[in-house]
There are 2 protein chains.
Amino acid sequence: MDDSPREFGPFAVTADLVIFTVRPPMTEVLLIQRAEEPFRGEWALPGGFVAVDQSLIDAARFKLSDKTGIDVEAAHLEQLASFGEPERDPRMRVVSVAYLAMVAHPPEPRAGSDAMRAAWRSIDQLGGTDLVFDHNTILRAGVERAKAKLEYTTLATSFCGSEFTMGELRSVYETAWDTQLDPANFHRKVLASPGFVEPTGITISQPKGRPAKTYRRGRATDLRPPIQRS
Amino acid sequence: MDDSPREFGPFAVTADLVIFTVRPPMTEVLLIQRAEEPFRGEWALPGGFVAVDQSLIDAARFKLSDKTGIDVEAAHLEQLASFGEPERDPRMRVVSVAYLAMVAHPPEPRAGSDAMRAAWRSIDQLGGTDLVFDHNTILRAGVERAKAKLEYTTLATSFCGSEFTMGELRSVYETAWDTQLDPANFHRKVLASPGFVEPTGITISQPKGRPAKTYRRGRATDLRPPIQRS
DNA sequence: GAAATAGTGTCTTTGAGACAATATATG
DNA sequence: CATATATTGTCTCAAAGACACTATTTC
């Protein structure tokens with residue numbers, strides 16, 4: 001390592017967010033329409049520069065609550081990956097540390113000062129070439145990570161409210177994976193996974209059909225064995 | 001986002017490497033003894049500052065071949081995670097983009113200009129508190145990622161040479177996971193995974209026992225179903 | 001009652017693991 | 001031949017999936 005790190009700069013660092021929510025039958029991602037140059041008026045992932053005395057995760061947390069208005073404690077937030085091609089930002093060398101967030105039932109998004117608008121968009125409708133910078137690449141990485149993590153972690157519950165039915169939990173998987181799962185087998189499988197969910201003892205009525213028992217998240221984070229995507 | 005990213009700097013960015021090799025019965029990581037301040041003489045992960053016109057992966061590739069003397073094409077290299085706590089480096093704000101590398105049968109490491117020494121060290125012998133900066137944290141993340149990836153990817157083959165026997169491949173798992181696997185079941189399982197390995201048609205003699213057929217990597221990258229860690 | 005969703009029972013198939021048996025080398 | 005490792009065979013057990021069936025609601 002070199003003694004004079006300043007000779008290698010200057011770099012800037014951003015925290016950019018891939019925020020998903022599941023609203024059956026669609027998985028949605030939060031996008032903003034940029035209010036500033038470069039790419040004013042075009043769509044991008046929410047994000048912003050990390051201050052020199054701010055940790056990466058704090059920068060991501062701040063943006064998450066700023067945009068979604070959601071309690072950060074209730075949401076899932078994890079680092080996704082970093083993107084740092086030299087020409088990815090026309091202004092200067094910028095390394096983007098991308099974060100993946102999963103939120104349940106968010107309210108209408110807030111544009112904030114850096115965006116003309118903020119909106120949830122179905123990830124199926126994105127052609128794959130709409131976003132500025134390298135945000136399409138980042139979004140794709142987020143989609144892959146999210147799908148994979150549903151398999152072997154309990155993160156599907158982050159897309160549900162604090163109390164949810166088996167049907168709601170199942171519809172998270174069905175929506176994210178775009179498949180149909182057998183309700184009976186799914187039910188058994190979830191209950192057989194220690195710490196995945198715990199019963200609340202409450203049964204709630206549905207718009208249609210038999211009322212369902214509700215559950216809340218258990219303490220487990222990993223699912224062993226996993227729930228397989230067919 | 002802000003129009004004046006320079007106001008948020010200055011940042012420096014490093015690419016740091018967690019380089020593993022498996023030499024049964026030990027999993028080893030490459031460490032360097034720093035030749036420069038800060039922490040001169042202490043042990044750290046190999047790494048270095050990213051130049052302003054250099055991509056992150058190129059910086060990692062350069063360091064990997066520089067330190068190990070290995071053909072980068074033959075090794076596995078992937079981004080691990082980024083570490084950017086404000087006080088992690090005493091000199092200035094430095095974000096470390098960590099990379100995970102897996103190499104087979106490396107030659108003696110080269111110290112290079114920034115290191116007094118470079119050496120392979122067993123990860124079992126590391127107490128967990130030897131490395132400078134936050135490199136213990138980075139190393140732990142690397143260990144976890146590597147163990148997990150062996151389960152559901154074909155990456156175990158990156159720890160083997162271009163041609164290997166079932167026994168060698170099995171010993172990679174046994175060493176990394178510190179378990180014993182049934183040779184018969186392992187053999188069947190690997191051959192039953194499409195694209196994991198392909199036969200070379202060659203049989204080589206062993207120091208002891210029946211000669212073994214050799215295989216090379218197949219085209220598959222993911223293992224479905226995974227090889228379970230018990 | 002018809003329709004819809006929740007939840008249970010049960011059978012079949014598949015795959016993992018235990019372990020016996022066979023194959024082929026070295027000393 | 002004794003021993004070690006490779007490779008194949010076979011049995012058992014457990015989990016996954018298909019699907020019939022029951023339970024309880026709304027309209």
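Order of the sequence lines fixes the chain letters, A, B, ..., with proteins taken first and strands second; residue numbering starts at 1 for each chain.
With hydrogens and angles left out, the side chain of A:R188 and the base of D:dG17 share no donor-acceptor pair within 3.5 Å. Counting distance only, with no hydrogens placed and no angle test, the side-chain atoms of B:N185 and the base atoms of C:dA18 include a donor-acceptor pair under 3.5 Å. In terms of polar N and O atoms assigned as donor or acceptor, the side chain of A:R210 comes within less than 3.5 Å of the base of C:dA6 in a complementary pairing.
Salt-bridge annotation for A:E163 and A:R216: present, with a side-chain N of the basic residue lying under 4.0 Å from a carboxylate O of the acidic one. Salt bridge annotation for A:R140-A:E144: absent, with no cationic side-chain nitrogen under 4.0 angstrom from a carboxylate oxygen.
With a 6.0 Å radius and a threshold of 12 heavy atoms from other residues, nucleotides or ligands, B:F186 has its CZ atom above the threshold.
Base contact: B:P183 has a heavy atom under 4.0 Å from a base atom.
Between the side chains of A:T200 and A:T214, at least one donor N or O sits under 3.5 Å from an acceptor N or O.
The side chain of B:K213 lies closest to D:dT8, out of D:dC27, D:dA20, D:dT8. In this structure, of C:dA18, D:dA20, D:dA16, it is C:dA18 that holds the atom nearest to the side chain of B:D182. Looking at the side chain of B:A184, the nearest of the listed nucleotides D:dA6, D:dA15, C:dA20 is C:dA20. For B:K189, the listed nucleotide lying nearest its side chain is C:dA16; candidates were D:dA16, D:dT7, C:dA16.
Listed pair A:R170 / C:dA6 meets the phosphate criterion, a side-chain N or O lying under 4.0 Å from OP1 or OP2.
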